[in-house]
Amino acid sequence: MSVETRSFVEEARREKLRQISALGLSPFAYGYHRTHTAREALAAFRPDSSPVVRIAGRLVSLRGHGKTTFAHLADASDKIQLYFRADEVGSAGYELVKLLDLGDLVGVRGEVFQTKTGETTVRVREVELLTKALRPPPIGKEDAEGEQHGALRDPEQRYRRRYADLAVHPKVREVFALRARVVAHIRRFLDARGYLEVETPVLQPLYGGAMARPFTTHHHTLDATFYLRIATELYLKRCIVGGMERVYEIGKDFRNEGIDRLHNPEFTMLEFYEAYADYQDVMNLIEEMLAGMVHEFYGTHAIERFGKSFDFSPPWRRVTWTDLLREHAGIELRTADDPTLRRALERRAVADTAAMPRTRLIDESFKTYVEPNLEQPTLVTDYPIEISPLAKPKRGDLTLTERFELFVHGRELANAFSELNDPDDQRRRFEAQHAARAAGDEEAQQLDEDYIRALEYGMPPTGGLGLGIDRLVMILAGEPSIRDVILFPMLRPE
RNA sequence: GACCGGGUAGCUCAGCUGGUAGAGCAACGGACUUUUAAUCCGUAGGCCGCGGGUUCGAGACCCGCCCCGGUCACCA
């Protein structure tokens with residue numbers, strides 16, 4: 001908002017800013033030495049003593065009563081009531097109190113006591129303005145039931161002004177604290193098993209490791225086109241070739257696709273690779289990792305989310321892709337021809353099937369008929385080879401691959417396989433992708449000669465997995481939209 | 001990209017069949033030394049998303065556009 005359109009509310013705050021400056025006080029302090037957080041101050045109360053605390057935070061409520069004022073101060077830990085008396089903070093101090101607004105950041109010193117209604121409160125002896133808030137926080141009033149009235153609710157404003165959303169909604173901050181715990185847990189889990197965390201390029205001359213359209217950019221000095229990575233896969237496997245036997249990366253991938261409540265163009269992916277492991281080993285590992293996480297966080301394997309119960313107790317259901325397609329769609333992959341698949345898709349109102357190559361028909365059939373049914377943690381195994389260009393053929397059935405995906409709540413959370421390490425086979429798979437690309441599949445993978453060269457040096461048998469962190473957090477947090485687990489989701493520029 | 005819903009005061013929202021733009025909270029002034037959605041009295045605050053049209057008259061109706069949300073499509 002420009003200066004010209006500054007609202008009267010903001011003008012009032014700027015006027016107070018001038019008055020505070022006129023009192024010789026700085027409206028923007030350099031620091032404050034706290035002795036307690038709000039939570040610690042609340043816990044410090046004793047009926048028989050009045051511990052003195054210094055706390056700092058944002059004013060989230062303000063009730064003036066003439067020569068007394070009540071307020072609530074919120075910091076990252078909690079919120080606590082403040083009680084100002086003109087005769088206790090001094091006339092100069094109370095002048096300042098009268099110029100405080102909702103949203104201002106203050107530091108106070110005082111003793112912890114309880115009011116006659118029993119609320120633990122800081123009886124303020126000294127107050128300092130730490131930062132004047134020149135805009136009103138979009139804060140609501142909380143009634144006795146904890147219900148917010150008038151709080152910022154417009155989703156667009158919540159995402160665009162996440163700082164304001166976070167400032168007034170502790171529950172939003174909790175989601176991101178959970179997200180941090182998820183990532184920390186993953187690191188601990190993998191580190192403890194001898195995995196090495198690595199960082200691979202975000203800017204890549206070729207993109208690969210997944211099916212997606214990339215973001216394209218340009219490096220001036222090299223005068224070369226680069227792509228923002230769509231996956232870390234091919235670089236992590238180069239690390240495996242180089243003898244780093246267990247590696248992982250947690251980082252952003254970028255896919256130039258639509259935005260909806262399950263997709264953000266940049267999102268966070270965990271990928272890990274382990275030499276001498278196959279996809280069965282990886283299944284066991286991811287099961288242990290996530291079941292352990294859920295149990296550590298919630299003390300149980302079964303959690304209630306979205307009005308349903310999700311049970312992460314191992315072992316999870318393991319079922320083959322073809323069995324599921326037969327079970328839910330009545331389709332026998334081996335014998336179903338393309339027209340059969342098209343008819344099946346059209347029955348579910350899937351459009352443009354005429355333009356779909358067989359790989360897409362296969363993929364679509366599964367997505368349409370099977371995926372929505374996979375509520376409980378399910379490991380879907382043995383994907384058709386046509387849609388799995390980086391996975392090893394399945395032992396005993398070369399039409400399938402040793403690949404699995406983890407589904408929870410009807411959504412894919414992870415994708416993993418026994419990694420294809422035969423360079424000649426890999427070249428043929430890339431060439432098939434290349435043909436699909438020529439036939440108009442914009443998401444087909446590019447042929448990466450250097451990756452094949454790496455495989456020619458010899459990649460040990462390897463199991464690897466990719467896990468969508470955002471989607472995992474959505475399930476754990478019970479959030480229906482990916483935007484609610486990403487601090488600053490992509491929006492159209494203002 | 002398609003369809004549906006939405007955009008009105010700082011925030012949350014109402015606004016009928018087209019007839020002077022509203023409420024609560026927040027703000028400003030006043031009263032109030034244990035309040036807690038504080039209370040009481042008073043005041044101010046609007047490009048009704050943008051542009052065009054219909055009409056004596058449009059926040060409302062029509063057309064176009066912008067933005068957001070939801071659903072679907074693509075994708076993870």
Side-chain angles (χ1 to χ4, degrees), chain A residues 1 5-13 15-16 60-72 79 81-89 94 101-103 113-119 121 123 134-161 164 168 210-213 230-231 253-269 348-352 356 360 363-364 367-368 371 405-407 411-415 441-443 466-472 474 480-483 491-494:
Chain A
M1 191 179 288
T5 60
R6 196 180 282 155
S7 75
F8 64 95
V9 178
E10 291 164 72
E11 284 301 347
R13 285 171 181 252
E15 174 54 30
K16 288 183 186 174
V60 294
S61 74
L62 197 56
R63 297 177 295 283
H65 299 75
K67 294 191 174 63
T68 66
T69 297
F70 285 89
H72 277 90
K79 66 178 180 180
Q81 184 167 253
L82 307 180
Y83 176 44
F84 301 92
R85 293 172 60 100
D87 57 357
E88 290 179 353
V89 296
Y94 208 72
D101 285 309
L102 222 51
F113 77 115
Q114 271 185 348
T115 62
K116 70 180 182 192
T117 56
E119 180 164 354
T121 300
R123 189 179 194 111
L134 294 176
R135 288 174 185 267
I139 198 167
K141 289 201 164 191
E142 204 172 278
D143 66 20
E145 285 82 48
E147 188 88 11
Q148 287 268 334
H149 300 266
L152 182 69
R153 234 180 358 200
D154 175 11
E156 177 180 1
Q157 292 307 323
R158 287 192 45 226
Y159 300 138
R160 284 200 193 278
R161 304 194 186 182
V168 304
M211 309 277 203
R213 287 163 60 185
I230 59 172
D253 288 343
F254 306 85
R255 298 189 186 173
N256 210 336
E257 310 279 356
I259 301 175
D260 61 29
R261 76 180 200 294
L262 294 177
H263 300 87
N264 194 62
E266 58 180 291
F267 62 102
T268 303
M269 183 92 109
R348 291 294 181 95
V350 175
D352 298 330
M356 291 182 188
R360 279 285 311 282
D363 212 20
E364 282 301 318
K367 283 182 198 301
T368 307
E371 290 187 9
E405 291 192 337
L406 168 63
F407 284 84
R411 298 172 191 163
E412 181 192 341
L413 276 196
N415 181 23
D441 186 349
E442 283 185 88
E443 290 170 354
L467 171 73
I469 300 292
D470 313 87
R471 291 197 175 173
L472 174 61
M474 285 170 70
S481 171
I482 197 168
R483 291 177 163 174
L491 296 171
R492 196 175 296 273
E494 273 185 288

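Per chain, numbering begins at 1; letters A, B, ... match sequence-line order.
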Visitor: Is any side-chain nitrogen or oxygen of A:Lys116 closer than 4.0 Å to OP1 or OP2 of B:U35?
Guide: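 The answer is yes; a side-chain N or O of A:Lys116 sits under 4.0 Å from OP1 or OP2.
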Visitor: Nearest whole Å is fine: how far is B:G29 P from A:Glu11 CD?
Guide: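 Nearest whole value for this atom pair: 14 Å.
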Visitor: For B:A27, what is the paired nucleotide under Watson-Crick or G-U wobble rules, both distances under 3.5 Å?
Guide: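 For B:A27, the partner nucleotide comes out as B:U43, under the 3.5 Å rule.
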Visitor: What nucleic acid atoms does A:Gly64 come within less than 4.0 Å of, heavy atoms only: base, sugar-phosphate, or nothing?
Guide: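 Base contact - A:Gly64 has a heavy atom under 4.0 Å of at least one base atom.
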Visitor: So what does A:Glu15 hit on the nucleic acid, given a heavy-atom distance under 4.0 Å: a base, only sugar-phosphate, or nothing?
Guide: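 Answer is nothing: A:Glu15 stays at 4.0 Å or more from every strand.
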Visitor: Taking the side chain of A:Arg261 as heavy atoms from C-beta outward, which of B:C28, B:A76, B:U71 is closest to it?
Guide: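 Nearest nucleotide to the side chain: B:U71.
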Visitor: Nearest heavy-atom pair of A:Phe254 and A:Ile230: which atoms, and what distance?
Guide: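 Looking at all heavy atoms of both residues, the shortest contact is O-CG2, 3.2 Å.
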Visitor: In whole Å, I'd like the distance from the CG atom of A:Leu62 to the P atom of B:C28.
Guide: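 Rounded to the whole Å, the gap is 10 Å.
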Visitor: Would you mind pulling out the nucleotide paired to B:A21, Watson-Crick or G-U wobble, both distances under 3.5 Å?
Guide: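 Paired with B:A21, as far as the under-3.5 Å criterion goes, is no nucleotide at all.
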Visitor: Is there a Watson-Crick or G-U wobble partner for B:C3 with both distances under 3.5 Å, and if so, which one is it?
Guide: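 Answer to the pairing question: B:G70, which forms a Watson-Crick or G-U pair with B:C3.
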Visitor: What integer distance in Å separates A:Asp101:CG from B:A27:C1'?
Guide: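 Computing the A:Asp101:CG to B:A27:C1' distance gives 9 Å.
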Visitor: In whole angstroms, how far is the P atom of B:A38 from the OH atom of A:Tyr83?
Guide: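 Going from OH in A:Tyr83 over to P in B:A38 covers 17 Å.
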Visitor: What's the closest nucleotide to the A:Asp87 side chain, out of B:A38, B:A27, B:U33?
Guide: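 In terms of side-chain proximity for A:Asp87, the closest of B:A38, B:A27, B:U33 is B:U33.
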Visitor: Roughly how far apart, to the nearest Å, are B:G64 and B:C11 at atom P?
Guide: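 One P to the other, the span is 30 Å.
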Visitor: Can you tell me the pairing partner of B:A9 across any strand shown, Watson-Crick or G-U wobble, with both distances under 3.5 angstrom?
Guide: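 Result: none.
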Visitor: Side chain of A:Met211: nearest nucleotide among B:U33, B:U34, B:A76?
Guide: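 Minimum distance to the A:Met211 side chain belongs to B:A76.
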Visitor: Just to confirm, is there a sub-4.0 Å distance from OP1 or OP2 of B:A38 to any side-chain nitrogen or oxygen of A:Arg63?
Guide: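 The answer is yes; a side-chain N or O of A:Arg63 sits under 4.0 Å from OP1 or OP2.
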Visitor: Does A:Asp470 reach the main-chain N or O of A:Thr268 with its side chain, forming a donor-acceptor pair under 3.5 Å?
Guide: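 Flag set: sc A:Asp470 to bb A:Thr268 pair under 3.5 Å.
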Visitor: Rounded to whole Å, please give me the gap between CG in A:Leu102 and C1' in B:A27.
Guide: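 Nearest whole value for this atom pair: 11 Å.
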Visitor: For A:Phe113, which contact category applies under a 4.0 Å heavy-atom criterion: base, sugar-phosphate, or nothing?
Guide: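 The answer is base, as A:Phe113 lies within the cut-off (heavy atoms under 4.0 Å) of a base atom.
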Visitor: Return the pairing partner of B:A14 with a 3.5 Å limit on both distances, Watson-Crick or G-U wobble; otherwise return none.
Guide: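 Pairing partner: none.
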Visitor: Consider the side chain of A:Phe70, meaning its heavy atoms from C-beta on, and name the nucleotide among B:C28, B:C74, B:U35 that approaches it most closely.
Guide: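 Looking only at side-chain atoms, A:Phe70 lies closest to B:U35.
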Visitor: Ignoring hydrogens and angles, are the base of B:U34 and the side chain of A:Thr68 linked by a donor-acceptor pair under 3.5 Å?
Guide: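 Checked by distance alone, the answer is no.
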Visitor: Can you confirm whether A:Arg261 sits close enough to A:Met474 that some side-chain heavy atom of one is under 4.5 Å from a side-chain heavy atom of the other?
Guide: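 No, their side chains stay 4.5 Å or more apart.
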Visitor: If I pick the P atom on B:U8 and the same atom on B:C16, what distance separates them, to the nearest angstrom?
Guide: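 These two P atoms come out 16 Å apart once rounded.
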Visitor: Ignoring hydrogens and geometry beyond distance, is the side chain of A:Gln81 in donor-acceptor contact with the base of B:U35 at under 3.5 Å?
Guide: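 Per atom types, the contact qualifies.
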Visitor: Once you apply a heavy-atom cut-off of 4.0 Å, does A:Asn256 come out as touching a base, just sugar-phosphate, or nothing?
Guide: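 No contact at all - A:Asn256 keeps every heavy atom at 4.0 Å or more from the nucleic acid.
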Visitor: Which nucleotide sits closest to the side chain of A:Arg160: B:G70, B:C67, B:U33?
Guide: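 From the listed options, B:C67 comes nearest.
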Visitor: Has A:Ser61 got a side-chain atom pairing as donor or acceptor with A:His72's backbone, closer than 3.5 angstrom?
Guide: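 The answer is yes, because a donor-acceptor pair under 3.5 Å joins these two groups.
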Visitor: Using Watson-Crick or G-U wobble geometry with both distances under 3.5 Å, which nucleotide pairs with B:U33?
Guide: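 Matched B:U33 with nothing under the 3.5 Å cut-off.
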Visitor: Suppose you measure atom P in B:C48 against the same atom in B:U35; what distance do you get, rounded to whole Å?
Guide: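 Nearest-Å result for B:C48 against B:U35 at atom P: 44 Å.
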Visitor: A:Arg85 side chain: which of B:A76, B:G70, B:U34 is closest?
Guide: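 The closest nucleotide is B:U34.
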Visitor: Write down the distance separating the P atoms in B:A23 and B:G18, rounded off to the nearest Å.
Guide: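 Result for the P pair: 24 Å, nearest Å.
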Visitor: A:Tyr94 side chain to A:Thr68 main-chain N or O, any donor-acceptor pair under 3.5 Å?
Guide: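 Confirmed, A:Tyr94 side chain pairs with A:Thr68 backbone.
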Visitor: C1' atom, B:U17 versus B:C13: distance in rounded Å?
Guide: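 Between the two C1' atoms, the distance is 23 Å.
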Visitor: Would you mind telling me which of B:C68, B:A27, B:U35 lies closest to the side-chain atoms of A:Leu491?
Guide: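 Of B:C68, B:A27, B:U35, B:C68 is nearest to the side chain of A:Leu491.
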Visitor: Could you tell me how far B:G49 sits from B:C66 if I compare only their C1' atoms? Round to whole Å.
Guide: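 After rounding to an integer number of Å, I get 7 Å for this pair.
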Visitor: Within the side chain of A:Glu371, is there an N or O that forms a donor-acceptor pair under 3.5 Å with the backbone of A:Arg411?
Guide: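 Judged by distance alone, no pair lies under 3.5 Å.
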Visitor: Using the side-chain heavy atoms of A:Ala12, tell me which of these nucleotides is nearest: B:U34, B:C28, B:A38.
Guide: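 For the A:Ala12 side chain, the nearest candidate turns out to be B:C28.
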Visitor: Can you check whether any acceptor in the base of B:C74 is under 3.5 Å from a donor in the side chain of A:Asp260, or vice versa?
Guide: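 Yes, the side chain and the base share a sub-3.5 Å donor-acceptor pair.
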Visitor: Could you tell me how far apart A:His72 (NE2) and B:A26 (P) are, to the nearest whole angstrom?
Guide: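 For the pair A:His72 NE2 and B:A26 P, the rounded distance is 15 Å.
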Visitor: On RNA chain B, nearest-nucleotide positions of A:Pro138 versus A:Lys67: which is more 5'?
Guide: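 Result of the comparison: A:Pro138.
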Visitor: Mind checking the P distance from B:G7 to B:C61? Whole angstroms is fine.
Guide: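 That atom pair is separated by 11 Å.
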Visitor: Name the pairing partner of B:C61, where a pair is Watson-Crick or G-U wobble with both distances under 3.5 Å, or state none.
Guide: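 Partner of B:C61: B:G53.
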Visitor: In whole Å, I'd like the distance from the CZ atom of A:Phe407 to the P atom of B:A76.
Guide: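 After rounding, the gap between these two atoms is 10 Å.
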Visitor: Going by the angle between their ring planes, with limits at 30° and 60°, are A:Phe70 and A:His65 parallel, tilted or perpendicular?
Guide: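 Correct class here is perpendicular.
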Visitor: Rounded off to whole Å, could you give me the NE2-to-C1' distance for the A:His65 and B:C32 pair?
Guide: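 Rounding to the nearest Å, NE2 of A:His65 and C1' of B:C32 are 8 Å apart.
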Visitor: Let me confirm one number: the CG-CD distance from A:Asn264 to A:Glu257, rounded to the nearest 0.5 Å.
Guide: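 Output value for this atom pair is 12.5 Å.
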Visitor: Quiz question: going by heavy-atom distance under 3.5 Å, is there a donor-acceptor pair between the base of B:U34 and the side chain of A:Arg123?
Guide: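 Pair found.
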Visitor: Using the P atom as the reference point in each nucleotide, state the distance between B:G5 and B:G15 in Å, no decimals.
Guide: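 Rounded to whole Å, the distance is 16 Å.
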Visitor: Side chain of A:Lys16, heavy atoms from C-beta onward: which of B:A27, B:U34, B:C32 has the nearest atom to it?
Guide: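 The answer is B:A27, which lies nearest to the side chain.
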Visitor: What do the steps show when you test A:Arg160 against A:Leu491 for side-chain contact (heavy atoms from CB on, under 4.5 Å), and what is the final call?
Guide: CA-CA 8 Å; A:Arg160 284 200 193 278; A:Leu491 296 171; 3.2 Å; yes
